[in-house]
Colleague: 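Below are the structure tokens for one structure; questions will follow.
Values below: all heavy atoms of this structure, side chains included; hydrogens, waters and symmetry mates excluded. Along the sequence shown, residues are numbered consecutively beginning with 1. Owing to the predicted nature of the structure, the values given are computational and were not obtained by experimental measurement.
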Amino acid sequence: MPSPAHPPRREGLGRSRLSIALVFAVHGAVTGSFATRIPALQERLHLSPGQLGLALVMPALGASLAMPLAGRITHRLGARAAIRLLLALWCLSLALPALAPGLPWLCLALLVYGGTSGMADVAMNAEGVEVERRMGKSIMSGLHGMWSLGGLLASTFGALAARQQLDPRLHLALAAGVLLLLGQLACAGLLDVRPEPEAEAPPRFALPPRSALAIGLVGFCAVFAEGAGVDWSSVYLRDLTGAAAGTAAVAYSAFAGTMAVARLAGDLAVRRLGPVRGVRLGGAVAAGGGVLVVIATSPAVAIPGFALLGIGVAVVVPLAFAAAGHAGPNPSQAIAGVATVTYTSGLIAPAIVGTIAQGSSLRVSFAVVTALAAALTVTAGALRTARGGRGEVAEPAAEVGLPG
């Protein structure tokens, strides 16, 4: 089991929780900044829905290829230095897509963008699981809530930039610089989790373990819906409801905003309902939101639909990562396994949505999204743990000697 080089005093654990929460927020802000400028990039490069779908495969492909490397990097550098490095690379990669002169270069830029995102994602989730373990209570939903809050704030600025027709190259370069600085400041209070001296280094690349598959399937359904909401919500409003660029960007803000609120409140809900019932309820809400999106003919119906979709899938990925991180002695490797399975959904979602839209319409694409959201009510049972049978993900506070 990894252990911090200098175990924090009781009062220092709160600082570590704040630091990792801010890291999550910065990571989400990079995603939010990019998502609101997708229509501008599509228009600038004259991409069809199918071509855009192909380009949007690349971030998930890059993440899936790079995530298994995160455990090795964390083992060698320690958690704090690894997160600092990987978060910096992720922030800098934000500027690349807007500089692409054509589709091939855009695909390459998004491959790098996704690879740095995935490695930083695994490292910061492993750090979050360690803080959760030491605190003795669920905090992962709240951390992912900070990710969504960062995405919401960044998407608000992105919507303003789109409304003012600010060149996406300037907007994303400025956002990259600001977020790079904020990310480095946020890393200062992280736990410096390091492996035991005799611990073997994880493999440079490993296939997901069997234990990750069932948990990953739950995340698969949620990430498909989440990826569709992130990448296609603004395009959906523009193309199917005739919304202007500024109004279309609000769809992502509604999706990210409700997801942020639901995740910030999610830890309390998980403690009351348990992960399984919480995910089943979320699946029903997400499916209801998907129905509104499919039938929408105006922004007034579509935007609330995306909002409900965000609420419904909010806690699923945090709970999947938490279940993985608590399932074995190596959180980074277990989380990387579940993340690889989960983000395979993100890999195929843009292509499926774009391909279906090319052949029929985005409405049919989001009917598929709705069906997968509804499937959460069936797959949620995988989040039960052998320890308690109710899906608990945190160690009792008494076992780690820290306040609960």
Side-chain angles (χ1 to χ4, degrees), residues 17-41 56 59 62-63 83-98 109-110 112-125 127-128 140-164 166 168-190 226-227 229-231 233-234 249-264 310 314 317-318 346:
R17 181 180 181 179
L18 175 61
S19 289
I20 190 60
L22 293 174
V23 167
F24 270 77
V26 170
H27 195 285
V30 176
T31 301
S33 297
F34 171 68
T36 55
R37 303 318 304 267
I38 290 174
L41 294 177
L56 293 177
I83 294 172
R84 192 186 293 275
L85 170 64
L86 296 173
L87 188 65
L89 294 175
W90 165 232
C91 291
L92 291 172
S93 73
L94 174 62
L96 297 179
L110 291 178
V112 174
Y113 171 86
T116 56
S117 169
M119 291 189 291
D121 200 343
V122 169
M124 72 189 196
N125 272 283
E127 173 85 1
M140 289 298 288
S141 180
L143 293 181
H144 283 254
M146 290 297 294
W147 186 94
S148 295
L149 185 60
L152 172 64
L153 292 175
S155 71
T156 301
F157 285 109
L160 292 174
R163 191 181 294 274
Q164 296 300 318
L166 182 66
R169 291 170 292 188
L170 177 60
H171 168 218
L172 296 184
L174 289 173
V178 171
L179 292 173
L180 173 65
L181 175 60
L182 293 177
Q184 295 305 295
L185 293 174
C187 289
L190 295 175
E226 185 175 343
V230 168
D231 290 338
S233 55
S234 297
V250 172
Y252 174 81
S253 298
F255 179 83
T258 55
M259 181 178 284
V261 172
R263 282 180 171 170
L264 290 170
V317 172

Colleague: Nearest 0.5 Å, what's the SG-CG distance between Cys91 and Leu86?
Modeller: 11.0 Å

Colleague: Before giving the answer on side chain to side chain contact (heavy atoms under 4.5 Å, CB included), spell out for Phe34 and Leu41 the whole-Å C-alpha distance, their side-chain angles and the decisive distance to 0.1 Å.
Modeller: CA-CA 10 Å; Phe34 171 68; Leu41 294 177; 3.7 Å; yes

Colleague: Looking only at heavy atoms, which two atoms of Leu110 and Pro97 are closest? And how far apart?
Modeller: CD2-CG, 3.6 Å

Colleague: Does Arg263 use its side chain to pair, donor to acceptor, with the backbone of Met146 at less than 3.5 Å?
Modeller: no

Colleague: Where do Leu143 and Arg17 come nearest, in terms of heavy atoms and distance?
Modeller: CD2-O, 4.3 Å

Colleague: List, one per line, each side-chain donor-acceptor pair under 3.5 Å for residues 253-260, sequence neighbours excluded.
Modeller:
residue : atom : partner : partner atom : Å
Ser253  : OG   : Ser155  : OG           : 3.2
Thr258  : OG1  : Ala254  : O            : 2.9
Thr258  : OG1  : Phe255  : O            : 3.2
Thr258  : OG1  : Ala307  : O            : 2.7

Colleague: Please round to the nearest 0.5 Å and tell me the distance separating atom CZ of Phe24 and atom CE of Met140.
Modeller: 5.0 Å

Colleague: Looking only at heavy atoms, which two atoms of Tyr113 and Val30 are closest? And how far apart?
Modeller: OH-O, 3.9 Å

Colleague: With rounding to the nearest 0.5 Å, note down the distance linking CD1 in Ile20 to CD1 in Ile83.
Modeller: 4.5 Å

Colleague: Taking side-chain hydrogen bond (donor to acceptor under 3.5 Å, both in side chains) as the test, write out the residues that go with Thr31, two or more places apart.
Modeller: none

Colleague: Compare every heavy atom of Ala314 with every heavy atom of Ala262, then report the nearest pair and how far apart it is.
Modeller: CB-CB, 3.5 Å

Colleague: Distance-only, no hydrogens or angles: does the His27 side chain make a donor-acceptor pair with backbone N or O of Ser117 under 3.5 Å?
Modeller: yes

Colleague: Work out which heavy atom in Leu87 is nearest to a heavy atom in Gly183; give both atom names and the distance.
Modeller: CD2-CA, 3.7 Å

Colleague: Under 3.5 Å, sequence neighbours excluded: what are the donor-acceptor pairs made by side chains of residues 169-179?
Modeller:
residue : atom : partner : partner atom : Å
Arg169  : NE   : Asp167  : OD1          : 3.1
Arg169  : NE   : Asp167  : OD2          : 3.3
Arg169  : NH2  : Asp167  : OD2          : 2.8
His171  : ND1  : Arg37   : NH1          : 3.1

